[in-house]
Amino acid sequence: MFKDSFQNVPLYQRIYTVVRHIPPGQVATYGQVARIVGRCTARVVGYAMAVLPCDTDVPWHRVINGQGRISLRTSGNGSTEERRLLETEGVCFNHQGRVDFNEVGWFRQ
DNA sequence: CGGCTGACTCTGG
DNA sequence: TCCAGAGCCAGCC
């Protein structure tokens, strides 16, 4: 699907494009994004997020790990900031700090 | 060209 | 349910 849109575009650009397609109030996992982009794994998606500039228009906060939790690089915290951004968009967290994929999942199956 | 690193995921204990 | 180890691919020395 998305693969047809970009063919000779850098891999990072593909990942960013897919992430931009995530509607507000919904989230996707690294694995799902990797599957949509194809030809890359969840690790690559995570690395693509890691190199994102601060002034990017990519809603990187809508990308979380497969366990429904927010993952940030080893730099430390910021996940709290993350959670607040998502809650602003209407994403609900349970008492364990996880999101409910049945409610906000983008490409669930 | 080769090795190291990383915002992950899966499996087993 | 939580923790540890192995596999994975692209980018950057």
Side-chain angles (χ1 to χ4, degrees):
Chain A
M1 43 165 89
F2 287 99
K3 285 187 255 184
D4 301 332
S5 302
F6 28 62
Q7 302 177 23
N8 38 2
V9 186
L11 180 60
Y12 281 19
Q13 200 64 33
R14 303 188 194 182
I15 297 173
Y16 300 152
T17 303
V18 173
V19 176
R20 281 197 204 92
H21 279 260
I22 301 176
Q26 294 191 289
V27 297
T29 67
Y30 293 94
Q32 276 293 349
V33 174
R35 275 230 183 260
I36 295 168
V37 174
R39 233 176 154 66
C40 76
T41 61
R43 269 201 123 101
V44 179
V45 177
Y47 193 70
M49 296 297 108
V51 298
L52 267 175
C54 301
D55 55 359
T56 183
D57 58 333
V58 178
W60 52 273
H61 53 273
R62 292 177 194 150
V63 183
I64 59 181
N65 62 8
Q67 300 177 346
R69 292 203 250 186
I70 299 176
S71 297
L72 282 185
R73 38 174 202 172
T74 58
S75 301
N77 45 4
S79 56
T80 308
E81 203 63 26
E82 220 41 64
R83 172 173 176 166
R84 215 191 54 208
L85 277 171
L86 289 172
E87 287 180 335
T88 302
E89 296 190 350
V91 177
C92 301
F93 287 80
N94 60 15
H95 59 87
Q96 293 182 345
R98 301 186 193 171
V99 301
D100 187 359
F101 282 107
N102 291 314
E103 292 290 332
V104 297
W106 183 36
F107 269 94
R108 56 188 150 139
Q109 48 178 316

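The shown structure was predicted, so the numbers you read here are calculated from the model rather than taken from an experiment. Every chain is numbered from 1, with letters handed out A, B, ... down the list of sequences.
In this structure, CD of A:Q13 is placed 16 Å from C1' of C:dG11, rounded to the nearest angstrom. The interatomic distance linking A:Y16 (OH) with B:dA7 (P) rounds to 14 Å, in whole Å. Between A:Y12 atom OH and C:dC12 atom C1' there is a gap of 9 Å when expressed in whole angstrom units. A straight line from OH of A:Y47 to P of C:dG11 spans 9 Å, rounded to a whole angstrom. Spacing between atom CZ of A:R69 and atom P of C:dT1 amounts to 11 Å, rounded to whole angstrom units. Taking atom CD on A:Q67 and atom C1' on B:dA7, their separation rounds to 13 Å, with Å as the unit. Straight-line distance from the CG atom of A:L11 to the P atom of C:dC12: 12 Å, rounded to whole Å. Following rounding to the nearest Å, A:M49 (CE) and C:dG11 (P) show an atom-to-atom distance of 13 Å.
Between the CZ atom of A:R83 and the CD1 atom of A:I64 there is a distance of 12.0 Å, given to the nearest 0.5 Å.
Looking at A:L86 and A:V104, their side chains never come closer than 4.5 Å, going by heavy atoms from C-beta outward. At a threshold of 4.5 Å between non-hydrogen side-chain atoms, the residues A:M49 and A:V19 count as touching. Side-chain contact between A:F107 and A:Q26: absent, with no pair of heavy atoms (C-beta onward) separated by less than 4.5 Å.
When the options A:D100, A:V99, A:I22 are evaluated for a side-chain contact (heavy atoms from CB on, under 4.5 Å) with A:V27, the one that passes is A:V99.
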Do any side-chain atoms of residues 90-97 of chain A form donor-acceptor pairs under 3.5 angstrom with protein atoms, and if so which ones, sequence neighbours left out?
from  : atom 1 : to    : atom 2 : distance (Å)
A:N94 : OD1    : A:Q96 : N      : 3.0
A:N94 : OD1    : A:G97 : N      : 3.1
A:N94 : OD1    : A:R98 : N      : 2.8

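Between A:E87 and A:R84 no salt bridge is recorded (no basic side-chain N to carboxylate O distance below 4.0 Å).
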### Query
So what is the 5' to 3' dot-bracket string for DNA chain C, if pairs are Watson-Crick or G-U wobble with both distances under 3.5 Å, crossing pairs use [ ] and | means the partner sits on another strand?
.||||||.|||||
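Among residues two or more places apart in sequence or in another chain, the side chain to side chain contact (heavy atoms under 4.5 Å, CB included) test is passed with A:R20 by A:Q13, A:Y16, A:T17, A:D57, A:V58, A:P59.
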Nucleotide N/O to protein N/O under 3.5 Å, stretch nucleotides 4-8 of chain C:
from  : atom 1 : to    : atom 2 : distance (Å)
C:dG7 : O6     : A:R43 : NH1    : 2.5
C:dG7 : N1     : A:R43 : NH1    : 2.9

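Each of A:R98 and A:C40 was matched to the nucleotide of DNA chain C holding its nearest heavy atom; the match closer to the 5' end belongs to A:R98. Residues A:V44 and A:T29 each lie close to DNA chain B; by heavy-atom proximity, the contact nearer the 5' end of the strand is made by A:V44.
Listed nucleotides C:dC2, B:dT9, C:dA10 differ in distance to A:A42; the shortest reach to its side chain belongs to B:dT9.
For residues 62-71 of chain A, the pairs satisfying side chain to side chain donor-acceptor pair (under 3.5 Å) are A:R62-A:E89, A:N65-A:S71, with sequence neighbours left out.
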